[in-house]
Amino acid sequence: MKIERYDVIIVGAGPAGLSAAIEAAKNGLKPVVFDENARPGGQLFKQIHKFFGSKEHKAKVRGFRIGDELLEEAEKYGVKVVLNATVVGLYPEKEVTVKIGEEIHHYKGDAVLIATGASENMVNFKGWTLPGVIGAGAAQTMMNLHHITPGERVLMLGSGNVGLVVSFQLIQAGCEVVALADAAPRVGGYGVHAAKVARTGVPFYLSHTIVEAEGEDHVTGVTIGQVGPDWKVIPGTEKHFDVDTICLAVGLSPMSQLLKQAGCEMADTKGGYVPVCDEAGATSIPGLYAAGDVSGIEEASSAMIGGKISGTAISEYLGYISKEESESRIKELKAQLETLRQGMFAPKNRGKLVEKTDEGIDVSMNLLEKGFVAEDEITRYPGVTKQVGIHPVIECTQNIPCNPCQDACKMGCIKIGENITSLPVVDTEHKCVGCGMCVASCSGQAIFLVDEEVEPGYGEVTMPYEFLPLPEVGDKGVGLGRDGSEVCEAVVTNVRTSNAFDHTNLLTVKVPGEYVMKVRFFKNK
C-alpha cells in the first residue's frame, strides 16, 4: 500500500483551511489541502455581500472576491489543493484516508489541520420533509453558485445573520420573502442586516415558530404561531402564508466527526460538539489542529485569522520558524481577531440582552423586536444629524466591528476612532461633497446621503441599491420607510454606478422635504 507524505495535511479548503495552508507555505512547508467539493473556497463563493471589519479583515470586500484572492495566493505559494476528495478517516500517527473517485488513498502528515466547517441545523415540524423545505445555506448555494431561484414565495425561519443575509439575497434574486419568523423574542443578527430587509417590506414575526408546512408532494403553504415563555405555540395565534419554499436558518453544528474519531478530547458546548483546543488550535493530540467553525462557530473573517494562527503554530511545531517568530506573528493575528470579538456581538454577550451601546445610548428595542429602528429612536445615534446641504446620515445603531466608512470619507466627515466597534459619528465641522463613497462602502447598507432642500419644498435621499433592473432617471415610484411602509411619492433624479462602488449602486430620489429623514427605500410603480 502506497502512502504519500506531506509536511501538513489540511482537511477543508474553506476560509480557515486555505488561510492556514497559505500561512504554512509562506514559512516553507509543503501543505496539501483536501476538499470534498468540486470548487475550493468553502462558503466564501456563496457570499455575495460585503464583509465587516477593517482593512485587515477584508472589510467591504464581497465574500466571493475574498475566495478568489485566497485561491490566487494559495497558487502563488504552491499550495496543493485536491478537490472531489472526501476524507473518510483520521487515524493514529496522523494517517488520513481519502476517497478520490472510486479509490481510497492513504496519506501521512507530520501535522494535520481539520478545517471541515459546519453543517446546517434543521428543526422538526409537521411537513418538514416536504420538497420545498430547505436550509438557508442550500438556498444560497442555489442562487449564488447555480443561479437558480429556490422558489417564488419564501418564508424564512431564523433571524441570525444567516437568515437575514439570505433573506436579502432572496429578494435580490427576485423571490418574494413573505415573512421572517424566529422563535426567539429578539433579532439575533446584526441590526443593519435586519433593517435592510425590513425596509423592503418584509414583516418580522419574533416569538413565532412554524406549526406546519402544508402540501401533499411539495410545499404549498405554511402556518406559524406565537410561542409563549415555555416555547410552546399559543392556541389562536396561528398565521397562514401561501408559500412554495420554507428556508431554515436555525444555526450551525461543527463537523467535528474526524476529530472525535481521532480520539481528541471533545467538549459539548453551546456552540456544538467541538475539540478542546488551545488558542492556536492545537488539540489534545500533538500535531493535530483544528481551525474555523469546526472548533466553534464564528464569522468567516474570524475563521481566516484562526487559520493563519494555526498555520503559524504548525510551522513552529515542525521547526520551520522559531518560537520567537511564531509568538510575534500569533500576537499580531490575535490582536486582529480580538477586534472582531468586541462590541455587542462579542462571544461573551451571546444570548444576552444588551440594552445600551458602549457609548451609553439606549439600544433600539423596536429594532430587536420588529427589525427596524423606530422614528422616535433614530435621532439618538451620533451618525444621524440634520445639516444644511448634502450630508451623510448613518443609521448604524449597534457596536459592530466595522470601519470602512471612516476610511472611505476623504473629507473627514465620518469618525469612528481606533476602536472599530464604536458607533460612527458625523463630524459637522467637515463639509460633505456628496461623493457617495461612504454609502457604497458600508457593508450593512446603513448610510444615506440627505440633502434637506434641493428646491423649495423638496429634498433628496441617496441610498444604496443592489437590485436589478436598476431604476432610471425620471422613474416615478414610492419611497418606503424603515418599516417598509409607503411614505410618499418619489422620483429618481440620479443613478450612479462605479467600479469603486463594487456593484453597490447609488440611487437618488427626490421627495417632499418633510420625508427626507424617513424615506429609506425606493419601489418602482
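Side-chain atoms are counted along with the backbone in the values below, which use heavy atoms only and exclude waters and symmetry mates. Nothing fancy with the numbering, it's 1 onward along the sequence.
- Residues L155 and C247 have side chains not in contact (no heavy-atom distance under 4.5 Å, counting atoms from C-beta outward).
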### Audit row: M304, F51, side-chain contact (heavy atoms from CB on, under 4.5 Å) steps and yes/no
CA-CA 12 Å; M304 288 187 285; F51 274 37; 4.2 Å; yes
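- Between C438 and S441 the shortest heavy-atom distance is O-OG, 3.1 Å.
- Remark: K523 pairs with L480, E486 by the side-chain contact (heavy atoms from CB on, under 4.5 Å) rule, at least two apart or across chains.
- The main-chain N or O of G12 is never found under 3.5 Å from a side-chain atom of T116 such that the two would form a donor-acceptor pair.
- Using a 3.5 Å distance cut-off with no hydrogens or angles, the side chains of Q169 and N144 do pair a donor with an acceptor.
- Judged by distance alone, with hydrogens and angles left aside, the side-chain atoms of D244 form no donor-acceptor pair with the main-chain N or O of G151 at under 3.5 Å.
- The structure places CG of L333 at 11.5 Å from CD of E279, a figure rounded to the nearest 0.5 Å.
- Residues satisfying the side-chain contact (heavy atoms from CB on, under 4.5 Å) criterion with E332, sequence neighbours excluded, are R329, Q336.
- Between F372 and N366 there is a side-chain heavy-atom pair separated by less than 4.5 Å.
- Using modelled atom types and a 3.5 Å distance limit, the side chains of T508 and N494 yield no donor-acceptor pair.
- With 3.5 Å as the limit, one finds a donor-acceptor pair spanning the side chains of D483 and S485.
- For the side-chain contact (heavy atoms from CB on, under 4.5 Å) criterion with E120, the lone passing option out of L248, L252, V250, I134 is L252.
- The two residues P401 and T339 make their nearest non-hydrogen contact at CB-O, 3.5 Å.
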### Query
Between Q398 and T357, is a side-chain hydrogen bond (donor to acceptor under 3.5 Å, both in side chains) present by the stated rule, with each step listed?
CA-CA 6 Å; Q398 295 175 320; T357 69; over 6 Å; no
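- A distance-only check finds a donor-acceptor pair linking the side chain of K352 to the backbone of K348 [under 3.5 Å].
- Between the side chain of D293 and the backbone N or O of E298 there is at least one donor-acceptor pair closer than 3.5 Å.
- In this structure, OG1 on T149 lies 7.0 Å from CE on M142, to the nearest 0.5 angstrom.
- Using a 4.5 Å cut-off on side-chain heavy atoms (C-beta onward), S256 and V274 make no contact.
- No side-chain donor-acceptor contact under 3.5 Å links S253 to the backbone of N121.
- Judged by distance alone, with hydrogens and angles left aside, the side-chain atoms of S310 form a donor-acceptor pair with the main-chain N or O of A280 at under 3.5 Å.
- Closest approach of D427 and G412 over heavy atoms only: CB-O, 3.8 Å.
- A side-chain contact (heavy atoms from CB on, under 4.5 Å) with V133 is found for one member of I246, T245, L157 and no other, namely I246.
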### Task
Determine, stepwise, if the pair E69 / R62 fulfils salt bridge (charged side-chain N to carboxylate O under 4.0 Å, His left out).
CA-CA 11 Å; E69 290 174 8; R62 298 186 188 275; over 6 Å; no
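- Counting heavy-atom neighbours within 6.0 Å of E375 CD, excluding the residue itself, gives a total above 12.
- Distance check: L18 CG to I66 CD1 gives 12.5 Å after rounding to the nearest 0.5 Å.
- Counting only heavy atoms from C-beta outward, the side chains of I400 and V192 approach each other to under 4.5 Å.
- Applying the 6.0 Å contact sphere to NZ of K239 captures more than 12 heavy atoms from other residues, nucleotides or ligands.
- H193 and F52 have their aromatic ring centers within a separation under 6.0 angstrom.
- Taking the six-membered ring wherever Trp is involved, the centroid distance between the rings of F467 and F522 does not fall below 6.0 Å.
- Remark: the backbone N or O of V178 is not paired with any side-chain donor or acceptor of R153 at under 3.5 angstrom.
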### Residue pair T504, K50: steps toward the side-chain hydrogen bond (donor to acceptor under 3.5 Å, both in side chains) verdict
CA-CA 10 Å; T504 299; K50 295 178 179 178; 2.9 Å; yes
### Trace of the ring pair (Phe, Tyr, Trp, His ring centres under 6.0 Å) decision for Y205 with F241
CA-CA 12 Å; Y205 291 92; F241 299 91; 5.8 Å; yes
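- Less than 6.0 angstrom separates the ring centroid of F345 from the ring centroid of Y190.
- Residues H391 and V426 form no side-chain contact, since every pair of their non-hydrogen atoms from C-beta on lies 4.5 Å or further apart.
- Across every non-hydrogen atom of I22 and L70, the tightest pair is CD1-O, 3.4 Å.
- Counting heavy-atom neighbours within 6.0 Å of K26 NZ, excluding the residue itself, gives a total above 12.
- Judged by distance alone, the side chains of K46 and T141 do bring a donor and an acceptor atom under 3.5 Å apart.
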### Residues N399, T421; criterion side-chain hydrogen bond (donor to acceptor under 3.5 Å, both in side chains); working and verdict
CA-CA 5 Å; N399 299 115; T421 60; 5.2 Å; no
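- Looking at heavy atoms from C-beta onward, L507 lies in side-chain contact with P471 at the 4.5 angstrom threshold.
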### Query
Can you check side-chain contact (heavy atoms from CB on, under 4.5 Å) on V187 and D182, steps first, answer last?
CA-CA 8 Å; V187 169; D182 196 318; over 6 Å; no
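- Q445 and E466 are linked by a side-chain donor-acceptor pair at a separation below 3.5 angstrom, with hydrogens and angles left out of the test.
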### Message
Applying side-chain contact (heavy atoms from CB on, under 4.5 Å) to K410 and V433, what does each step give before you reach the verdict?
### Response
CA-CA 10 Å; K410 304 307 180 187; V433 295; over 6 Å; no
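- No donor-acceptor distance shorter than 3.5 angstrom exists from the side chain of K476 to the backbone of A490, with no hydrogens or angles considered.
- Ion pairing between R186 and E369 fails under the 4.0 Å rule for side-chain N and carboxylate O.
- Residue E359 qualifies as enclosed at atom CD: its count of foreign heavy atoms under 6.0 Å is above 12.
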### Query
side-chain hydrogen bond (donor to acceptor under 3.5 Å, both in side chains) between E377 and S364: does it pass, once the steps are laid out?
CA-CA 6 Å; E377 296 173 324; S364 165; 2.5 Å; yes
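- Among all heavy-atom pairs drawn from P254 and V294, the shortest one is CB-O, 3.6 Å.
- For the 3.5 Å distance criterion, the side chains of Q43 and Q47 fail to qualify, holding no donor opposite an acceptor.
- With hydrogens and angles ignored, the 3.5 Å screen pairs a side-chain donor or acceptor of D475 with a backbone N or O of E472.
- D35 places no side-chain N or O within donor-acceptor distance of the main-chain N or O of P40, the cut-off being under 3.5 Å.
- Between C435 and R496, the closest heavy-atom pair is O-NH1, 3.2 Å.
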